[in-house]
Amino acid sequence: MSPEEQLEALTLGTAKILSREELLKKLRSGRPLRAKLGVDPTAPDIHLGHTVVLEKLRQFQVMGHQAVLIIGDFTATVGDPSGRSSTRPPLTREEVLGNAETYTDQAFKILDREQTEVVYNGDWFRGMNYEEVLKLNARVTMQQMLQREDFRNRIEGNKEVRLHEMQYPVMQGWDSVEVRADVELGGTDQLFNILVGRDMQKSQEMEPQVAMCLPILEGTDGARKMSKSYGNYIGVDESPAEMFGKAMSISDELMDRWYTLLLGGGRDLELHPMEAKKQLAAQLVARYHDAAAAVAARADFEAKFAKGDSEVQWPEVQLDDERRLITAVAIAYREGHGTERSNSEIRRLIQQGGVQLDGEKLNDPAADLPAAVTDKVLRLDKKRSVRLL
RNA sequence: GGGUAGGUACCGAAGCGGUCAAACGGGGCAGACUGUAAAUCUGCUGGCUAUGCCUUCAGAGGUUCGAAUCCUCUCCUGCCCA
């Protein structure tokens, strides 16, 4: 592939590149470029939002460039303030290391493990003394920091901004120096941090890295960015059924966005929106599991929601001699779906008609189960049911 | 360090001695309608052995028949000044 062709392919789907000219120049040098991606293991799971950027990094790999994955074991304990409206809760070192492990495992569903250089930024930060820290800090101005939107918003909203949060861009910038990055990938919310990396490199008389920003993927709620803390994510490690189901619950508008960002192309407008969504869901399952799983997930989904079809494999639950409805539902949630519900919650569900036995609403929380329930499907809520034994 | 305003449920925000498990909005959940979409309408949104009881209004004490509301101390945050 010629440098020009590479440039074309690499810039596809990106939101911002600083700058194309620099990238082309680097590509023309003919040497493998070092493409950096920093991830903070603040949560144990990689979700679809992360994959946008990981897939881009994978693309660099395929072209023969060197992917450098920085595990921010040190920076995670500080917490990236990017896009945050409040200070991140601190994580312990144990949590971070635990997360890092599942994180890399999941990242290698996308990246080629053999061809990825994995480094921990604690390796260089932990040994730094205060003098060195001060030197790094001298390279960034207060004004630059204060211009950042997330800090400005917090300041204007009279919310606290703690000093250590300002260290984050400095550290991320220094990472670029340590790994001699040619290109740094990140979401558009990372632009500032990536630019600090350029400054840091210039100050070390290195050729500055190219900033490559990818669009931020909205989560299943269609409003906020996909994030574990908003609970609007689909993890790459989730079961085919979960993945398929979650994907099906997104709005049509969001579906277009996901088609573009995750599958790299628009959807077929000839198709009924629901069919298009099923195909999207199936492709995602196929990507992170396999084709067979995608077919199965689709079939299972269709069986579950086709009216009158009770051929679905719901978890089976043994009630023993339990007759009281509330307790039965609690057991069904616990044994069948691994979730705990308080009695009050269950009472509400029952009163509001969420709980149904073979399609019949059971509205009275004080009632007992009907006499014969064996082999009947007890519906708990919109998404969960259980087969009684 | 000085002054000042505050800390209320998942979030924002009322309440400022009893009628407060605490208005209102957002979010979330459930029902109707649907395509597990959107929009819309309705209801719910601390817990329990449940017409009552228990735990919550930063924390610890106190006043009172009675406190989220008053007093004392402590912790935390914003703003202004240094």
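Convention: sequence-line order gives letters A, B, ...; per-chain numbering from 1.
Atom P of nucleotide B:G46 and atom CD of A:Glu340 are separated by 19 Å, given to the nearest angstrom. In this entry the distance linking NZ of A:Lys277 with P of B:A37 reads 7 Å, nearest Å. At whole-Å resolution of the value, CG in A:Asp381 and C1' in B:U45 are 15 Å apart. Atom CD1 in A:Ile326 sits roughly 11 Å away from atom C1' in B:C48 (whole-Å rounding). B:U49 atom P lies 10 Å from atom CD1 of A:Ile346, rounded to whole Å. For the pair A:Arg154 CZ and B:C79 P, the computed distance is 12 Å after rounding to whole Å. A:His272 has its NE2 atom 14 Å from the C1' atom of B:U36, to the nearest Å. Whole-Å rounding puts the A:Glu345 CD to B:G28 P distance at 16 Å.
With A:Tyr259 as the aromatic partner, A:Arg267 does not meet the cation-pi criteria of under 6.0 angstrom to the ring centre and within 45 degrees of the ring axis. In this structure, A:Lys304 forms a cation-pi arrangement with A:Trp314, its terminal cationic atom sitting closer than 6.0 Å to the ring centre and no more than 45° off the ring axis. For the pair A:Lys159 and A:Phe151, the cation-pi criterion (under 6.0 Å, within 45° of the ring axis) is not fulfilled.
The P atoms of B:U74 and B:U64 are separated by 23 Å, rounded to the nearest whole Å. The same atom, C1', is picked in B:G52 and in B:A60; the two are 31 Å apart, to the nearest Å. The same atom, C1', is picked in B:A38 and in B:A22; the two are 35 Å apart, to the nearest Å. If you take atom C1' in B:G18 and the same atom in B:A50, they sit 24 Å apart, rounded to whole Å. Nucleotides B:G46 and B:A21, compared at atom P, are 13 Å apart to the nearest Å. Nucleotides B:G7 and B:U69 place their P atoms 11 Å apart, quoted to the nearest Å. Between the C1' atoms of B:G66 and B:G17, the separation comes to 8 Å (whole Å).
One finds a salt bridge joining A:Asp105 and A:Arg113 here, because a Lys/Arg side-chain nitrogen approaches an Asp/Glu carboxylate oxygen to under 4.0 Å. The residues A:Arg257 and A:Glu218 are annotated as salt-bridged, a charged nitrogen and a carboxylate oxygen being separated by less than 4.0 angstrom. In summary, A:Glu160 and A:Arg154 do not engage in a salt bridge, as defined by a charged side-chain N under 4.0 Å from a carboxylate O. The pair A:Glu184-A:Arg198 does not count as a salt bridge, with every side-chain nitrogen at least 4.0 angstrom from each carboxylate oxygen. With salt bridges taken as basic N to acidic carboxylate O contacts below 4.0 Å, one links A:Arg298 and A:Glu302. Look at A:Glu322 and A:Arg324 and you find a salt bridge, because one of the NZ, NE, NH1 or NH2 atoms lies within 4.0 Å of a carboxylate O, short of that distance.
Under the side chain to side chain donor-acceptor pair (under 3.5 Å) criterion, A:Thr260 pairs with no residue, sequence neighbours left out. For A:Arg323, the side chain to side chain donor-acceptor pair (under 3.5 Å) test picks out no residue, with sequence neighbours left out. By the side chain to side chain donor-acceptor pair (under 3.5 Å) test, A:Asn363 pairs with no residue at all, sequence neighbours left out.
Comparing A:Gln356 and A:Lys383 along RNA chain B, the residue whose closest nucleotide (by nearest heavy atom) sits nearer the 5' end is A:Gln356. Between A:Gly354 and A:Lys246, the residue whose closest nucleotide on RNA chain B is further toward the 5' end is A:Gly354.
At a threshold of 4.0 angstrom between heavy atoms, the contacts of A:Lys382 are confined to the sugar-phosphate backbone, with no base atom among them. Residue contacts shown for A:Ile250 are limited to sugar-phosphate atoms, with no base heavy atom under 4.0 Å away.
Considering A:Lys26, A:Lys25, A:Arg34 as possible partners of A:Asp182, the one that fulfils the salt bridge (Lys or Arg N to Asp or Glu O under 4.0 Å) test is A:Lys26.
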Taking only N/O atoms, report every protein-nucleotides 50-57 of chain B pair under 3.5 Å with atom names and distance.
| residue | atom | partner | partner atom | Å |
| --- | --- | --- | --- | --- |
| B:A50 | N6 | A:Arg347 | NE | 3.2 |
| B:A50 | N6 | A:Arg347 | NH2 | 3.1 |
| B:A50 | N1 | A:Arg347 | NE | 2.9 |

Could you go through nucleotides 39-43 of chain B and list every protein N or O atom that sits under 3.5 Å from one of its N or O atoms, giving the distance for each pair?
| residue | atom | partner | partner atom | Å |
| --- | --- | --- | --- | --- |
| B:G43 | N2 | A:Gln352 | OE1 | 3.0 |
| B:G43 | N2 | A:Gln352 | NE2 | 3.1 |
| B:G43 | N3 | A:Gln352 | OE1 | 2.8 |

Check: protein-nucleotides 76-78 of chain B nitrogen or oxygen pairs below 3.5 Å:
| residue | atom | partner | partner atom | Å |
| --- | --- | --- | --- | --- |
| B:U77 | OP1 | A:Arg162 | NH2 | 3.0 |
| B:G78 | O2' | A:Asn158 | ND2 | 3.4 |

